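Taking it in order: structure first as C-alpha cells, then the write-up.
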Amino acid sequence: MQTGAMDSPVIQFRNVYRTYEMGDQTLNALDGVDLDISRNEYVAIVGASGSGKSTMMNIIGCLDRATKGDYSLNGVDVGDMSETD
C-alpha cells in the first residue's frame, strides 16, 4: 500500500488544551487531546455532561481556538489561519 496525502488525517489534534478562566479558578475543558480523523471515517464524540464535547466540536468547526496544542485541517495548521480563513 502506498502512503501519502490521501492517507493523512483530515482532522488532527496534537496535545490540544482549552482552558477557561473563571474568576480565580482555571477550568480545563480539554486536557491534552490527541485525535486523528481520516477521510470517509465516522466518529462519535461521547462523554458525560461537562466533559468537553461541545468545546471540541467548536474547535473542530473553527468557532473557537485551542489554548495550547496543534490542530490541522486538511494538513493546514488552523492556528496559522486568519479569522477570515
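Remember, predicted model here, so these are calculated numbers, not experimental data.
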> Residues two or more places apart in sequence or in another chain: which of them pass side-chain hydrogen bond (donor to acceptor under 3.5 Å, both in side chains) with Thr26?
Replying inline: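 With sequence neighbours excluded, Thr26 shows a side-chain hydrogen bond (donor to acceptor under 3.5 Å, both in side chains) to Glu21, given in chain and number order.
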Does a side-chain heavy-atom distance below 4.5 Å link [X] with [Y]?
| X | Y | result |
| --- | --- | --- |
| Ile37 | Val10 | no |
| Thr19 | Leu30 | no |
| Asp70 | Gln12 | no |

Donor-acceptor under 3.5 Å ([X] side chain, [Y] main chain):
| X | Y | value |
| --- | --- | --- |
| Lys53 | Ala48 | yes |
| Thr55 | Ala29 | no |
| Asp77 | Gly79 | yes |
| Asp34 | Asn15 | yes |
| Tyr17 | Gly69 | no |

>> Determine whether Asp36 and Arg14 satisfy the following criterion, salt bridge (charged side-chain N to carboxylate O under 4.0 Å, His left out), listing intermediate values before the conclusion.
In response: CA-CA 9 Å; Asp36 288 329; Arg14 286 295 171 263; 2.9 Å; yes
> In this structure, are over 12 heavy atoms from other groups packed under 6.0 Å from Met81 atom CE?
Replying inline: yes
> Does Gln25 CD have over 12 foreign heavy atoms under 6.0 Å away?
Replying inline: no
Give the cluster check for [X] versus [Y]: same hydrophobic cluster or not, with ILVMFWY residues linked at side-chain heavy-atom distances below 4.5 Å.
| X | Y | answer |
| --- | --- | --- |
| Leu63 | Ile60 | no |
| Phe13 | Val43 | yes |
| Ile45 | Val78 | yes |

> Residues in salt bridge (charged side-chain N to carboxylate O under 4.0 Å, His left out) with Asp64, at least two apart?
Replying inline: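 If we apply the salt bridge (charged side-chain N to carboxylate O under 4.0 Å, His left out) test to Asp64, skipping adjacent residues, the hits are Arg18.
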> Taking ILVMFWY side chains as joined if any heavy atoms are under 4.5 angstrom apart, and letting links pass through other members, which residues group with Tyr42?
Replying inline: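 Once heavy-atom contacts under 4.5 Å are chained together, Tyr42 still belongs with nothing else.
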